[in-house]
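A quick write-up on the structure given underneath.
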Protein chains: 4
Amino acid sequence: MGAGRPGYDEKLLEILRAAAAVFAEKGYHRASIRDISRATGISLSGLYYYVRSKEELLFLIQDHCFGTVLDNVERLLAGETDPVRRFRLFVENHVRFFVNNMREMKVLSHEADSLTGEYRRRVQAKKKRYTDLCMSILEELRPPDTGIDLRVATFALFGMLNWIYNWYRPGRDVPVAELADGFSRLFLQGCLSPASGVAEAMPVEPAPSIWRR
Amino acid sequence: MGAGRPGYDEKLLEILRAAAAVFAEKGYHRASIRDISRATGISLSGLYYYVRSKEELLFLIQDHCFGTVLDNVERLLAGETDPVRRFRLFVENHVRFFVNNMREMKVLSHEADSLTGEYRRRVQAKKKRYTDLCMSILEELRPPDTGIDLRVATFALFGMLNWIYNWYRPGRDVPVAELADGFSRLFLQGCLSPASGVAEAMPVEPAPSIWRR
Amino acid sequence: MGAGRPGYDEKLLEILRAAAAVFAEKGYHRASIRDISRATGISLSGLYYYVRSKEELLFLIQDHCFGTVLDNVERLLAGETDPVRRFRLFVENHVRFFVNNMREMKVLSHEADSLTGEYRRRVQAKKKRYTDLCMSILEELRPPDTGIDLRVATFALFGMLNWIYNWYRPGRDVPVAELADGFSRLFLQGCLSPASGVAEAMPVEPAPSIWRR
Amino acid sequence: MGAGRPGYDEKLLEILRAAAAVFAEKGYHRASIRDISRATGISLSGLYYYVRSKEELLFLIQDHCFGTVLDNVERLLAGETDPVRRFRLFVENHVRFFVNNMREMKVLSHEADSLTGEYRRRVQAKKKRYTDLCMSILEELRPPDTGIDLRVATFALFGMLNWIYNWYRPGRDVPVAELADGFSRLFLQGCLSPASGVAEAMPVEPAPSIWRR
DNA sequence: AATGAATGAGGGTTCATTCAT
DNA sequence: CATGAATGAACCCTCATTCAT
């Protein structure tokens, strides 16, 4: 409560922030607790006062990220009923958080499988809630005759959005607003435009293993 | 090509295949050379006859994957000049390889940053060639007034395509042809349809850090 | 002795009791001060108000145990001069304390070597006093011609008595009185009976190392 | 088979021997793998080529010890049917092994509870076989009217025998043959002599907790 | 062409202990 | 009196890699 010394929670948040940066930089498994000790200035064993294990560190980051994104999108969508506007809000919330917290979001996307047991279950529950929300928005949106599978459309959208950390460089690429705008228009037009003859099917060959001789 | 005993190259390919499976399963850093030794039946030290280091193993996999995909797409596009058909061929080649070699492609997508030095440079060169090819196809395709940034569009497409390994389950989801078709139509219509008023901009708020209190 | 709040000494005794239980359960070295903190409900650092170190904790337990047993046996033997009765009293005191304080006595027997320096010296001094007392009792008792070495007899007795914690389960095995009685008779008859021819020596072979091939 | 370089098994035995010495000296939990590395001259990680874990090291020692003692006593008793001679052989085998392998036997006695899971189960199985054998020998031996409980007698014997490592110093104490002889006579006479009036019961007081004030 | 044996470096984690408050 | 926060040292163990054979 005091403005002065940081409390337990503030210190934990600081650790999580630093850990997220380290995990984003080197990947969860390559990162060592010693790296995080260095990044925070807290001694190796001191970290264990705040956190039970390295895995809990990852869990807390992922849980906090998903929690924030979920809370925010649910607050944003609260009064809105127009499907298109709901879609726009969803995309913009996602993109904004991604760009403003790229390191954390990279950890979220990249280390989805690095958790185990109860930790994994809890994060996946939040992830499912988020995915279901997205799918329900798309469902209201979609005209019945587009011929694009809902699941395919949903994950196409997530793919677009989550790939950001692989290429987007703030300052050099288009600003966030434009990015969200671009994604939204691309996806909306892609789903809502009448199917043009321009995209008729082409023969798909067998596609052998990469390792064939 | 050899008749009787498998030659050096065949054995190497076998190792790469097994290693790709192990890397896909556990991730590059968590996987140990011992895991690969177990998976191949070759002794720990025996592997070093075929491969200089664990990193070279990853390099060979990524290089081989990119090489194959690149070779194939270049062969496919060889005679084709129609922009839309070129686009379709590109997407279909990518999707087919992804679905038919999901483990390897996961390693390709997921462990992009795990290589260092010369290895990294060589893989990134191939990756750039592939990205440039895709961008040039999109450039021919794009009508000038869509208002979607080319780089954004390109990576939106790659995001859609590369995210596959995170959700697609062969047998349970739509078949490959339909998948490629869905992606193509979504993207083409998204880029080529006249900008509808449906997607006008919305105010984007500042989006604070995930860690704010 | 104080009425209301428990005093320093009472709290210390409580700590020692809890610590003895923990040490008996997990062994001195495997037990952690945190275990004792948990067992007492006193905070980790709070324990250090009562005790200088983990080793002092062990020392206090051992010293208190030996002190009590010694005091008691000396009080019991005070007026008694008959050798056999003195022996019986010694054994019964020992057995009773063992069975009624098995956890503590296990720590006493098992962690004899875990103390160092001054702590060790002080406990060993008490142990020697106790051993000497036992030996002197046996000496008065022993008929000169039995042919059993006094030191051997003494430690045979201690072995019998101290091994209790390895097998005795109160409630399931014979009651304490019977236990003490059994030990006493076994040992007394063993020492005092005229040597029967029944136990003539047998050839003892060299007995090589366990590890020979 | 070759006389020259030591094979895998010989090296393992050497490690076990050294580890037994270290465990006997410092106790299992206080001993570190580094201590064993130092004692053997094998690098820390090198030890893990021979042994899966520190616990396996303890298991192998205990299993080997019990195995050897069991094998030997069973071979010794093979042709013998006279109860008294069987008893003598049992005691002598036990004592001889104890004195000739004091370090190992101390580990056997002292670290009985340090194993867990399957390791523990397997050692306890051998221990039970050994205890049962002893008990069956005593049963044949015991005259029906002595009034000493069989279980008490058995563990009194084991106590005497297993306590050796706490006091016996080869060279300074009586030689092994005499030691075994002393134990045998003490126990045999103790069990077989007619109950003398000398050891009539005495009142056993309640014996409060060590910690009472 | 292949392996058994070995190692240095580093991994995550626990520990007894301290000290300002 | 009692504690929350912090630490250095040590723990067991795994790793990629080497080298004589």
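Heavy atoms only: backbone and side chains are in, while hydrogens, waters and symmetry mates are out.
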Quiz item: Tell me: CD1 of I33(A) to C1' of dT7(F), nearest whole Å?
Solution: 16 Å
Quiz prompt | Closest-nucleotide ordering on DNA chain E, the 5'-leading residue of G46(B) and R52(C) | solution = G46(B)
Self-check item: Contacts of E111(B) that satisfy side-chain hydrogen bond (donor to acceptor under 3.5 Å, both in side chains) - sequence neighbours left out
Solution: S114(B)
Exercise. Look at the side chain of S53(D) and decide which nucleotide, out of dT13(E), dC13(F), dT14(E), has an atom nearest to it.
Key: dC13(F)
Self-check item: First of Y28(B) and Y48(D) reached from the 5' end of DNA chain F, by closest nucleotide
Solution: Y48(D)
Self-check item: side-chain hydrogen bond (donor to acceptor under 3.5 Å, both in side chains) involving D35(D) - partner list, sequence neighbours excluded
Solution: K26(D), S32(D), R38(D)
Quiz prompt | Contact nearer the 5' end of DNA chain F, comparing D35(B) with D35(D) | solution = D35(D)
Exercise. Check the distance between dT3(F)'s P and I36(C)'s CD1 and give it to me in whole angstrom.
Key: 15 Å
Practice problem: For L47(D) and for L47(B), locate the closest nucleotide of DNA chain E by heavy-atom distance; then report the residue assigned to the nucleotide nearer the 5' terminus. | Solution: L47(B)
Quiz item: When only distance counts, do a donor and an acceptor, one from the side chain of S32(A) and one from the base of dG11(E), lie under 3.5 Å apart?
Solution: no
Quiz item: With a cut-off of 6.0 Å (strictly less than), are more than 12 heavy atoms of other residues, nucleotides or ligands near CZ of R103(C)?
Solution: no
Quiz item: Would you say E25(D) has more than 12 foreign heavy atoms packed within less than 6.0 Å of its CD?
Solution: no
Quiz item: Should we count CD of E55(A) as having more than 12 external heavy atoms under 6.0 Å?
Solution: yes
Quiz item: Phosphate oxygens OP1/OP2 of dA6(F): is one of them under 4.0 Å from a side-chain N or O of K11(A)?
Solution: yes
Exercise. Sort out for me which residue in L13(C), I15(C), V51(C) forms a side-chain contact (heavy atoms from CB on, under 4.5 Å) with L60(C).
Key: V51(C)
Practice problem: Spell out, as yes or no, whether a donor-acceptor pair under 3.5 Å connects the side chain of K127(C) to the backbone of F66(C). | Solution: no
Quiz prompt | Gap between atoms OH and C1', on Y50(D) and dA6(E) respectively (whole Å) | solution = 8 Å
Quiz item: Taking CZ from R34(B) and C1' from dT18(F), how many angstroms apart are they, rounded to a whole number?
Solution: 13 Å
Exercise. Could you state the atom-to-atom distance from CG of L12(A) to P of dG4(F) in whole Å?
Key: 17 Å
Practice problem: Starting at the 5' end of DNA chain F, write a dot or bracket for each base, bracketing those in Watson-Crick or G-U wobble pairs whose two distances are under 3.5 Å and using | for partners on another strand. | Solution: .||||||||||||||||||||
Quiz item: Atom CZ of R38(A) and atom P of dG10(E): how far apart are they, to the nearest Å?
Solution: 10 Å
Practice problem: For L44(C), report the nucleic acid contact type (base, sugar-phosphate, nothing); a contact means any heavy atom under 4.0 Å. | Solution: base
Quiz item: Can you tell me if the side-chain N/O atoms of K54(A) get under 4.0 Å from OP1 or OP2 in dG11(E)?
Solution: no
Practice problem: Rounded to the nearest angstrom, tell me the gap between atom CD1 in I42(C) and atom C1' in dG4(F). | Solution: 16 Å
Quiz item: dA2(E) P sits how many Å from Y8(B) OH, rounded?
Solution: 11 Å
Quiz prompt | Closest nucleotide among dG8(F), dG8(E), dG4(F) to the S45(A) side chain | solution = dG8(F)
Practice problem: Taking the side chain as every heavy atom from C-beta outward, state whether Y119(B) and L58(B) have any atom pair closer than 4.5 Å. | Solution: no
Quiz item: Can you find an N or O donor on one side and an acceptor on the other, under 3.5 Å apart, linking the side chain of S43(A) with the base of dG8(F)?
Solution: no
